[in-house]
Protein chains: 2
Amino acid sequence: MTISRKADYALRAVVILAGSPPDRPMQIQEMAEIGGIPLKFLEQILLMLKRGGLLRSKRGVGGGYHLDKPTRQISVGEIISLIDGGLCNLASSGHEAEAEFRGARGLRDSLSEVDEKVNSRLLSLTIEEILNRDEPDAMLAFGI
Amino acid sequence: MTISRKADYALRAVVILAGSPPDRPMQIQEMAEIGGIPLKFLEQILLMLKRGGLLRSKRGVGGGYHLDKPTRQISVGEIISLIDGGLCNLASSGHEAEAEFRGARGLRDSLSEVDEKVNSRLLSLTIEEILNRDEPDAMLAFGI
DNA sequence: GGATTCCCGACTAGATCGGTCGGGATGGCC
DNA sequence: GGCCATCCCGACCGATCTAGTCGGGAATCC
């Protein structure tokens, strides 16, 4: 019931990117230092995020990564799902033909309900929200 | 973001036990058949549940397992936590000294919030609730 | 004392996690 | 065209975890 370290790194990377001036791309190395992430491992992760359509990259001098969408359109759930291959799934822990005993349905349904609540929250939790949360002043400034 | 198969088996076992006549203990083998759980594996699991204070056992002919608490006092969270060694923990995925970048706190706090919601729900979800859910009639009978 | 049932530690094959390594492809600059 | 920066990408690897299996011991009851 955790996310992988990889997914955690991915979240950090996106947050770091989102919290930096958008006028120039950021290099892997800089992200690695800021986030405390092993460089070569981060490379893999960024590649996955790129393939998932969240990031865009540029090579050569002055190259690096930047977001491909506004922060309000990137969700935590999206990132976790992309990296770990899915979100919360308590209900069917790798099962096909479920045994049928008294209470089996209740159990399955109850767990599914938790899954749905968690996942819908994770999918609605945006990077924008996370950054705003870090600086409550900004929210006041916008009169929110 | 799943529970282990072991925890899933544990949940089934408890539900099976809770959904059976409480006048006589149930044997491991019967539970294994009903729940579709490998016998020797289930043995280990039941032992853990017993050590955790959820079950009580009796040896010899006519022996077996039975619950040690009323179903309304056994929660899904309790069982998962006992077997898997913890509940939902998205926030600190094995980390100590957190890196401090812009948005780091917001990220951590947002994930913690999800953790808390999930865990409090899992701890409040009782076996009684699961069984009642399986047979909505019973709830009507009690005028709930 | 023998049948039945739980108790319990040791072992294991395979998957997954959390990376590392080495080099290739591409873009920009002179 | 040469060179450097930077991203791209597949192969590999040790440690840990998962999902069990195995074999026998201990209590209980007749």
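One interatomic measurement links the two molecules: CZ of B:F41 to C1' of C:dC8, which rounds to 15 Å at whole-angstrom precision. To the nearest angstrom, C1' of D:dT6 lies 13 Å from CG of A:L42. Between B:R5 atom CZ and C:dG14 atom P the separation is 17 Å, expressed in whole Å. Across the protein-nucleic acid pair, A:K40 atom NZ and D:dC13 atom P stand 17 Å apart, rounded to whole Å. Atom CD1 of B:I83 and atom C1' of D:dC17 are 15 Å apart (whole Å). To the nearest angstrom, C1' of C:dT16 lies 12 Å from CG of A:D84. In this structure, A:K58 atom NZ and C:dA25 atom C1' are separated by 17 Å, rounded to whole Å. If you measure from atom CD of B:Q27 to atom C1' of D:dC29, you get 14 Å, rounded to the nearest angstrom.
Checking the phosphate oxygens (OP1, OP2) of C:dT5, no side-chain nitrogen or oxygen of B:Y65 falls inside 4.0 Å. Within the 4.0 Å cut-off from OP1 or OP2 of D:dC8, at least one side-chain nitrogen or oxygen of A:S57 is found. An OP1 or OP2 oxygen of C:dG18 is reached within less than 4.0 angstrom by no side-chain nitrogen or oxygen of A:Y9. B:R59 has no side-chain polar atom (N or O) that falls below the 4.0 Å cut-off from OP1 or OP2 of D:dA26.
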Just do the side-chain contact (heavy atoms from CB on, under 4.5 Å) check on B:M1 and B:L90 with the steps written out, would you? CA-CA 9 Å; B:M1 270 196 103; B:L90 308 179; 3.7 Å; yes
Under the side-chain contact (heavy atoms from CB on, under 4.5 Å) criterion, do B:I28 and B:L39 qualify, and how do the steps go? CA-CA 7 Å; B:I28 298 182; B:L39 180 69; 3.6 Å; yes
Chi angles and distances behind the side-chain contact (heavy atoms from CB on, under 4.5 Å) call for B:K58, B:H66: CA-CA 9 Å; B:K58 215 181 141 191; B:H66 58 96; 5.7 Å; no
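When each of D:dC8, C:dC7, D:dT21 is scored by its nearest atom to the side-chain atoms of B:K50, the top-ranked nucleotide is C:dC7. Considering only side-chain atoms of B:V61, the nucleotide from D:dC8, D:dG20, C:dT4 that sits closest is C:dT4.
In the displayed structure, A:R121 atom CZ is contacted under 6.0 Å by more than 12 heavy atoms of other residues, nucleotides or ligands. Counted within 6.0 Å of CD on B:Q73, heavy atoms from surrounding residues, nucleotides or ligands total more than 12; the atom is thus considered enclosed.
Within the 4.0 angstrom heavy-atom criterion, base atoms lie near A:E43. When heavy atoms are screened at a 4.0 angstrom cut-off, B:R51 is found touching the sugar-phosphate backbone but no base atom. Across all strands shown, A:L46 has no heavy atoms under 4.0 Å from either base or sugar-phosphate atoms.
Closest-nucleotide positions on DNA chain C for A:K6 and A:G60 were compared, and the one nearer the 5' end corresponds to A:K6.
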